[in-house]
Amino acid sequence: MEPVISARQLGKCYRMRGLGPPTLFGALKETLRRRPPNLFWALRDVSFDIPAGRTVGVIGPNGSGKSSLLGLVTGTIQPTRGAVRTHGRISSLLELGAGFHPDLTGRENVFLNAAILGIAREDIRRRMDAIAEFAGLGEFLEMPVKHYSSGMYVRLGFAVAVEVDPDILLIDEVLAVGDLAFQLRCLDRIRDFQRRGKTILLVSHALQTVEEFCHEALLIHHGRVVASGPPPDVILEYIRHYMGEGGYLYTQEFGTRAVEFEQVTLRDGAGVETGVFTAGQALHVDIAYRCAQRIERPVFGYSLKTGNGLYLYGSNTQLAGYELPAIEGAGVIRLTLDPLPLLAGNFFLSLSVHSWDHAIQYHRREDWYPFAVRNPTQEPGLVRLAGTWSQPPAG
Amino acid sequence: MIGRLLGHPRALWARREMLANLVSRELKARYKGSLLGLCWAILTPLFMALVYVFFLRLLARGIPLETVLIGVFAWQFTANCVQSGLTAVTGNANLVKKVFFPRQVLPLAGTLANTVNFLLSLGVQTVLLAFLLGARGEAIPPRAALALVVLVYHGLFNYGLSLWLAAANVYFRDVQHLVGVLLTAWFFASPAMYDLSMVAQVTAGRPGLYDLYLCNPMALIITAYRALFLPDAVFPWGWNLLPAALLPLLLLLGGGLLFQRAQRNFADYL
């Protein structure tokens, strides 16, 4: 099938001009100095094809070129090299409330914004109630938008943008705004778009969202596509190799280092070292440690967070009743989760070792070990609960 | 060719709803917050005209109020378009960076909003003139209706100017300061608060200078309004008006081409 979005050797180069807006004087100075312009390639040699009906997530550190890519697909910026071709009507959710005028009321701005996005006035008039309801604005619709909260502003923008009914939907990080209820409604709309066979290009730092919604992910780093494929693999690649540079998750490490983690290996049920696990199978964590001195009654602990930073579970040897009298020299301790109760997603493992009374942290690594889980079953959610069904006899 | 002259009319026509909405946004936003609303559009040039008449009396240059009124109202239309043209793209940076549409819509919307304004002020001007002329037992001649033809030409000139300024201000942000200074100079070089008879007096004996003065399209446009509205004014037909008549068309053509070329990189410079 013919791709809906197709990019060939796409490149975008910016001329770095220093700080401040461009001026005539500045241009004159540049010309007199005859310095070669300072070039910056925001995107380089990017090629991909997206067939109809696919949802593709674009991930990468800040400044890696994700937004430039969306700009090129929308047509707001022109490529320096190569070309991008699109088939069908494009709407982007990257301009929520762009073009809203602060002095106009919400209703007036809906008409204005709709016209900018190319929706016929009649369509909007018919859908006005639905828009107002979706945005949850009530009587605020007749108030100038300058009095709106930022949440109301974005909600109204989103409500209009999804009315465009595009063939291609571009989404840039907009799902991070608004309260939880609104976010869920947005995600619902996006699922609706997916069901109707629309093509979606989604830029997000919320890896969990990419994981959950996308058929495929592109990892961009320094303007190049460094990985592409199934979301869990690409996300894991991202977390492992590129997250340090301005990623949203903050790994940290501290402790006295009386005991130190030397090497931590994640293994699957067969004992093979991996970063991708299967829901319901075993996960082993082999923690090789080294002690500077003899440590009485140490406690090893771990915790798990989702890719969005949601704290899932934490425990330690003390709570588990696995008492270690003393350790010294080098050794290995193994943590086993079998069966792994997590479903599909990206997760972070934190490890710690501290004294029995929790007073001394020997070594703690927060969010240090990323891993992905694939779920071969159709069960939705984050964790598997051991539920059973039955039909109790009446009476 | 014609298409380029007007800045791709087909693409603009396809976006007429957006255009209409932007024009009404301009107008609504301009007058919503202020108490006197639309009145300011008329009061500003009116006050200006009164001030000029007062000072010209002090300088012992007796220019009738009607003459100054027509000149200042017409000048205000162009001055407003220069201002809205400068910020047409830079002031909508958010939109330009994020939504794809023919960018010509932006300067055109500004020009059209100012045209609506000017039409209203022309109405007020007509009433004032009828009153002023009536006091002397005169009346506005029927040919004043042709002012609408001049207005179309005037509007096209302003749109051409807006195209140039809108594009230039994206690439060089200090253009707006430069234009501020040049606009003042242009005002004094245009027959807004005086008329051509005074120019003829000053340049007497140097016909080359007089012809050079007439190259200014605003000289032509303002003089045309006066010749239509004032019963005893005569339009100074002559070949020396040809440059001023052609200049707006060249400006529009050049502006259309330049803007089309420049708009590709707008998002990079905003």
*With only heavy atoms counted, which part of B:Leu22 is less than 4.5 Å from chain A, the side chain, the backbone, both or neither?*
both
*Can the ring centres of A:Phe193 and A:Phe213 be said to be less than 6.0 Å apart?*
no
*Measure distances from A:Tyr14 to the heavy atoms of chain B and classify the residue's part below 4.5 Å as side chain, backbone, both or neither.*
side chain
*Mind checking what makes side-chain contact (heavy atoms from CB on, under 4.5 Å) contact with B:Leu122, not counting sequence neighbours?*
B:Phe118, B:Gln125, B:Leu151, B:Phe229
_Contact winner vs chain A - B:Arg103, B:Arg25, B:Gln263, heavy-atom pairs under 4.5 Å_ = B:Arg25
*Can you run down the ring pair (Phe, Tyr, Trp, His ring centres under 6.0 Å) pairs that involve residues 162-181 of chain B, sequence neighbours left out, and say none if there aren't any?*
B:Tyr171-B:Tyr269
*Where on B:Val96 is there a heavy atom nearer than 4.5 Å to chain A: the side chain, the backbone, both, or neither?*
backbone
*Does NZ or CZ of A:Arg121 come closer than 6.0 Å to the centre of the six-membered ring of A:Phe111, within 45° of the ring's axis?*
yes
